[in-house]
Amino acid sequence: MAREIKLPEISENIDTATVVRVLVAEGDKVDEDQSLIEIETEKAASDVPSPAAGTIKEVKVQQGDEIKVGSVILILEEGGGGEEEKEQKKAADKEEEQEQEEGSEEKDEKEGKEEAEDENAEEKESGEKETGKEKEDETEQEEKETSEKEEKESEEEKKEEQRKESTKSEGKSKSGEQEQISDTEKQKGEQVPASPSVRRFAREIGIDITQVKGTAPGNRITMDDVKAYSKEKNQQDKKGIAGAAGFELPDFSKWGDTERKPMSKVRQITAKNTLQSWNSIPHVTQFDKADITNLENFRKQYAGYVEKAGGKLTVTAILLKIAGFALQQFPRFNSSLDSQRNEIVYKKYIHIGVAVDTDRGLLVPVIRDVDKKSITALAVELGEMAEKARNKKISPDEMEGGNFTISNLGGLGGTAFTPVIFPPQVSIMGVSCATTEPVYADGAFQPRQILPLNISYDHRVIDGADGARFLRWVCEALENPFALFLKEGGE
Ligand code: CAO
């Protein structure tokens, strides 16, 4: 039986997705749960699996399409598509044909009625048009009068502007090129039909009036047109990442060949979020180092134990547990700032995001209730979540609700970096590469495994001293986990 496969619900507040790749073609046989298409939304990338086994009859989408939740992606012929089914299909088609024949008389009658109704409607509309035309004439007359009045105003305004211009000294603040552009723009602006008050309003809110489409008779631009254009422009600016950054690109072709590629949704989201975070949060980054020589021995000793449970006892898994403890000791790091109400929202749960490097870019799955889980359980969950993120199986919900983030770049190398906070969180811990360093202790240099750590925090919520205390607490916990049972934090 043919079945329409629709784009399923993805997540709350998400109603469209972009088709990144179509993984099947017409005639393909698919299994239940086999990925049909790859999609990207504002929040994540994922696959749409087939709800049943069958044969693809028709593919209705293609790469790059923006599709709505509930829209048909493809038609699936359920089952193996064997002879029996073909027979069933033939019978069904025949039945449908018969139904259509029977219904055709009825349809003709109905269509006749509809046509008559349409004609009536047309007549009615043309009648309305006549009355409308009279009204339009009246409006045009009014417009003409207003426009004459406005032209007078405009003349006076021009004179005023000329007076102002002549008092300005030559090339005081702008380059000659800029002057030229604004002069041309001004000339063009004077040619578009708009009243001086509308022109002035556009100028005051920084809108180039030549770009506004007039909706009044004679394409005259009204105040509402300027407002509508400004609103649309704002929305576009918010959407366009490059626009939001406010950089005008030069013509690169002057210096060599270039190629343009669209940013993936994940890239766009990262760009938007990091820019917003960087622009709105006063970041401070604190650095420290932990001697993890003993911890590394522990890791080797218990690697097999965790492996049996299906996980890998990595530095990140251990750090998750330690950060969970630290957030309980320093609740401010587990909070969010409500700047509208001047309040700090303290969360009673410990959900930590872990930055995962995927071939589509950065994804941050959230491990929930870290404080209630063992290191083994955390290691297993972290492995599963990282794999899901890399295989595009992670859902947007699994990346929401984190209070704090760990970003471990140590596996890739590096001595230090300053991570960017994920709003509405107020801090993020970065981990660089552990190396063997000579440490002077007991009267001699000794080779020790040293792990560089950092924490970026929102200075509106957290002071420097708290940042230093938090990170030191983490370092000491890594060096001597028993201290966890003795220590108290801040706040
Ligand atoms: N220093 C030295 N070695 C480290 C290390 C560190 N800080 N962290 C991990 N390693 C080593 C591990 O021990 C492992 O080595 P072995 O294979 O020899 O055991 C190797 O690096 C790979 O580790 P892993 O990735 O399997 O496991 P992990 O739990 O340490 O890390 C994850 C998991 C998801 C954090 C990591 O895979 C990852 O994606 N990191 C990148 C995060 C990122 O992109 N951050 C930037 C965010 S801002 O753009």
Side-chain angles (χ1 to χ4, degrees), residues 11-13 43-44 269-270 273-274 276-278 280-286 316-356 362-375 377-379 381-382 384-386 388-389 394-408 418-431 453-463 466-471 473-474 477-478 484 487-491:
S11 171
E12 230 181 289
N13 300 329
K43 290 186 177 169
I269 297 157
T270 307
N273 292 346
T274 48
Q276 197 195 357
S277 170
W278 197 252
S280 59
I281 299 178
H283 281 70
V284 179
T285 307
Q286 169 78 17
T316 316
I318 295 168
L319 268 170
L320 259 171
K321 189 68 201 168
I322 289 177
F325 276 121
L327 294 175
Q328 285 178 317
Q329 300 295 325
F330 298 84
R332 212 168 262 232
F333 289 75
N334 197 46
S335 74
S336 285
L337 174 66
D338 185 342
S339 50
Q340 309 265 307
R341 293 166 59 171
N342 288 326
E343 284 174 358
I344 294 174
V345 184
Y346 290 90
K347 289 124 188 193
K348 307 285 181 197
Y349 50 87
I350 312 276
H351 298 347
I352 301 181
V354 178
V356 178
L362 170 68
L363 292 177
V364 189
V366 174
I367 315 282
R368 289 174 208 277
D369 297 316
V370 167
D371 54 321
K372 299 191 177 102
K373 293 173 182 164
S374 68
I375 294 179
L378 292 172
E381 198 174 333
L382 174 62
E384 286 168 0
M385 284 294 216
K388 265 179 154 186
I394 196 118
S395 75
D397 297 344
E398 289 172 306
M399 293 190 283
E400 283 176 353
N403 304 341
F404 180 81
T405 298
I406 297 177
S407 174
N408 181 4
T418 56
V420 176
I421 297 163
F422 289 99
Q425 298 172 16
V426 293
S427 55
I428 176 169
M429 185 160 74
V431 189
L453 293 153
N454 64 66
I455 185 151
S456 289
Y457 55 86
D458 183 339
H459 208 337
R460 293 173 302 172
V461 178
I462 294 161
D463 289 331
D466 297 328
R469 276 189 210 112
F470 181 94
L471 201 55
W473 195 97
V474 169
L478 284 165
L484 289 178
K487 280 176 168 295
E488 276 163 50
E491 188 72 0

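Numbering of residues begins at 1 and proceeds along the displayed sequence.
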### Task
Give a yes/no verdict on a cation-pi contact between Lys348 and Tyr346, requiring under 6.0 Å between NZ or CZ and the six-membered ring centre and an angle within 45° of the axis.
no
Over all heavy atoms of both residues, which pair between [X] and [Y] is shortest? Give the atoms and the distance, please.
X      : Y      : answer
Thr285 : Pro419 : CG2-CD, 4.3 Å
Ala317 : Leu382 : N-CD2, 3.9 Å
Pro365 : Val356 : CD-CG2, 3.7 Å
Ile421 : Ser427 : CG2-N, 4.0 Å
Ile367 : Leu320 : CG1-CD1, 4.2 Å
Met429 : Ala323 : CE-CB, 4.3 Å

Find the distance between [atom1] ([X]) and [atom2] ([Y]) and round it off to the nearest 0.5 Å.
X      : Y      : atom1 : atom2 : value
Glu384 : Ile394 : CD    : CD1   : 10.5 Å
Ile318 : Ile375 : CD1   : CD1   : 5.5 Å
Leu337 : Glu343 : CG    : CD    : 10.0 Å
Leu319 : Ile406 : CG    : CD1   : 5.5 Å

Taking [X] for its side chain and [Y] for its backbone only, find out whether a donor-acceptor pair lies under 3.5 Å.
X      : Y      : answer
Glu398 : Met385 : no
Asp369 : Lys372 : no
Ser336 : Pro424 : yes
Arg460 : Ile281 : no
Lys321 : Val370 : yes

### Query
Sequence neighbours excluded, which residues qualify as salt bridge (Lys or Arg N to Asp or Glu O under 4.0 Å) partners of Arg368?
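Per chain and number, Arg368 pairs via salt bridge (Lys or Arg N to Asp or Glu O under 4.0 Å) with no residue.
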### Query
Is the Tyr349 ring parallel, tilted or perpendicular to the His351 ring (thresholds 30°, 60°)?
tilted
#### Entry: Listed partners of Phe470 passing ring-ring contact (aromatic ring centres under 6.0 Å, His included), at least two apart
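Testing Phe470 for ring-ring contact (aromatic ring centres under 6.0 Å, His included), a comparison that skips the adjacent residues, returns Phe330, Phe333, Phe404.
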